[in-house]
Amino acid sequence: MHLMELPREVLLGENLKDKVSQVAKRLKLGERSLILYGPKTKEIAGKDVEKHLKESFDVKSLVVKEASMKEVEKALNVIRDENVNWVIGVGGGSIIDVAKLASFKADVPFISFPTTASHDGIASANASIKDLGTKTSIKARPPIAVIADVEVIKTAPYRYLAAGVGDTISNLTAVKDWELAHKIKGEYFSEYAASLSLMSAKMVIKNADIIRLGNEESVRKVIKGLISSGVAMSIAGSSRPASGAEHLFSHALDAIAPKPALHGEQCGVGTIIMAYLHGLKWQKIRETLKKVRAPTNAYELGIDPEYIIEALTIAHTIRPDRYTILGKDGLTREAAEKAAKITGVI
Ligand SMILES: NC(=O)C1=CN([C@@H]2O[C@H](COP(=O)(O)OP(=O)(O)OC[C@H]3O[C@@H](n4cnc5c(N)ncnc54)[C@H](OP(=O)(O)O)[C@@H]3O)[C@@H](O)[C@H]2O)C=CC1
Ligand SMILES: O=C(CO)COP(=O)(O)O
Ligand SMILES: [Zn+2]
């Protein structure tokens, strides 16, 4: 049996920092809450959300440094010691993932309050957490509510919005990899989740000219795609519809590059290469990324070509149970170099 859980409320609008209490009351989440934010997102929105929440709730707070198991444990300790009833994560993908996993382990609900449109973990049920050096995708529960404040998200540097396009466009190759795993390995495949995921990718391609403006409408377009993508993952019961070989490439870069770029930026570049390997129209993907001013090569990622090649050759080892176009043995150095050169990535 596959149990599908989805958010109960999704708010997308302006000035929502003082609306969290209303949502929490409506959903009867309880008296004691824990707010998680990062050092920057505390200043950007966290402090304000906390101030408003304190008018109605008993609020504990924690500054989260990274998406690691250590940080999840810290949050879990506060939840248990303080008998916290619900959690809210105010931040980027890292903060939301820590809130998602800690609340899941403690069996309490959590609210997702994204400060950027850079990743599709906003509404997904899985958390990407670093444990023993590499990122693992851990099954958790989707947020009970998503509160996406366009005013807050709009203040993030444009680069984050372009990264969101990269994370969404990667659904094109992720779904291809999923189909392949279904055909070759007999892996469970949900046509419905795959279609929803592809729809998000197609929407950002179609709206690239609007997105590149970086205005409020752009934020709304990208956020909607990211939320649908997260819902697709919840329906699938895994990150399969939105994470294939292009994500393995990004996770590999996170592990080896001295200064990795944003998750969505790396996934976007990975999508160009994996689309080439799949025989898809990779030029169209590159064109869209260029249009929204997202990186399309090593230089723009700020990563040495040598790391790009290495990441391509080790990507298949990151999650051996996730079958992709890279197969069981991965790419040879020569094949990696050729694919990266043909697609203009190096
Ligand atoms: N679970 C899932 O389904 C998914 C998970 N992910 C995961 O999400 C992570 C990537 O998320 P991403 O958002 O790109 O990166 P991070 O959450 O790591 O944030 C990157 C930086 O941006 C800062 N930041 C956040 N909001 C703003 C803002 N409004 N203005 C200025 N700076 C801001 C953060 O501040 P601070 O230092 O305060 O945190 C941080 O320093 C990865 O760990 C990835 O694996 C991605 C997709 C799906
Ligand atoms: O980033 C994701 C989808 O965009 C999902 O994360 P994983 O690659 O960790 O499963
Ligand atoms: Zn992603």
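For ligands, and for the atoms within them, numbers begin at 1 and follow the listed sequence. Bear in mind that the values here come from a model prediction, so they are computed numbers and not experimental data.
- For ligand 2, the atoms sitting less than 4.0 Å from at least one non-hydrogen atom of His263 are 1 (O), numbered in the order shown with element in parentheses.
- The number of protein N/O/S atoms found under 2.8 Å from the Zn ion (ligand 3) is 3.
- Within the 4.0 Å heavy-atom criterion, the part of Tyr160 lying near ligand 1 is the side chain and not the backbone.
- The shortest N or O to N or O distance between Asp120 and ligand 1 is not under 3.5 Å.
- Ser94 OG, 2.7 Å is the protein heavy atom nearest to atom 18 (O) of ligand 1.
- In terms of protein heavy-atom proximity, atom 3 (C) of ligand 2 is closest to Asp120 OD1, 3.2 Å.
- Atoms of ligand 1 found under 4.0 Å from any heavy atom of His119, numbered from 1 in the order shown, are 13 (O), 46 (C), 47 (C).
- In this pair, His263 and His251 present their aromatic rings tilted. The plane angle is within the 30 to 60° band.
- Heavy atoms from other residues, nucleotides or ligands lying under 6.0 Å from CD of Glu216 number more than 12.
- Which parts of ligand 2 touch Ser137 is read off a 4.0 Å heavy-atom cut-off, strictly below it: atoms 7 (P), 9 (O), 10 (O).
- The heavy-atom pair separating Ser103 from Lys100 by the smallest distance is OG-O, 3.0 Å.
- With no hydrogens or angles considered, no side-chain donor-acceptor pair links Asn207 and Glu217 at under 3.5 Å.
- Near Ser239, the atoms of ligand 2 lying under 4.0 angstrom from a non-hydrogen atom of the residue are 5 (C), 7 (P), 10 (O).
- Among protein heavy atoms, the minimum distance from atom 7 (C) of ligand 1 is reached at Asp97 OD2, 3.5 Å.
- Against a heavy-atom cut-off of under 4.0 Å, Asp167 is close to the following atoms of ligand 2: 4 (O).
- Near His251, meaning under 4.0 Å from one of its heavy atoms, ligand 2 places the atoms 7 (P), 8 (O), 9 (O).
- Shown in contact with Ser128 at under 4.0 Å from a heavy atom are these atoms of ligand 2, numbered in order with element: 6 (O), 7 (P), 9 (O).
- Residue Ser243 has at least one N or O atom closer than 3.5 Å to an N or O atom of ligand 2.
- Lys135 NZ, 3.2 Å is the protein heavy atom nearest to atom 45 (O) of ligand 1.
- In Arg319, the part holding a heavy atom less than 4.0 Å from any atom of ligand 2 is the side chain.
- Using a 4.0 Å cut-off to heavy atoms of Ser118, the atoms of ligand 1 that qualify are 12 (P), 13 (O), 14 (O).
- Of all atoms in ligand 1, listed by their number and element, those nearer than 4.0 Å to a heavy atom of His263 are 10 (C), 44 (C), 45 (O), 46 (C), 47 (C).
- For ligand 1, the atoms lying closer than 4.0 Å to a non-hydrogen atom of Pro157 are 30 (N), 31 (C).
- Counting only residues at least two apart or in different chains, ring pair (Phe, Tyr, Trp, His ring centres under 6.0 Å) contacts with residues 105-145 are absent.
- In this structure, a donor-acceptor pair under 3.5 Å is present between the side chains of Ser218 and Asn215.
- No N or O atom of Thr136 sits closer than 3.5 Å to an N or O atom of ligand 2.
- Counting heavy atoms closer than 4.0 Å to ligand 1, residue Ile96 contributes nothing at all.
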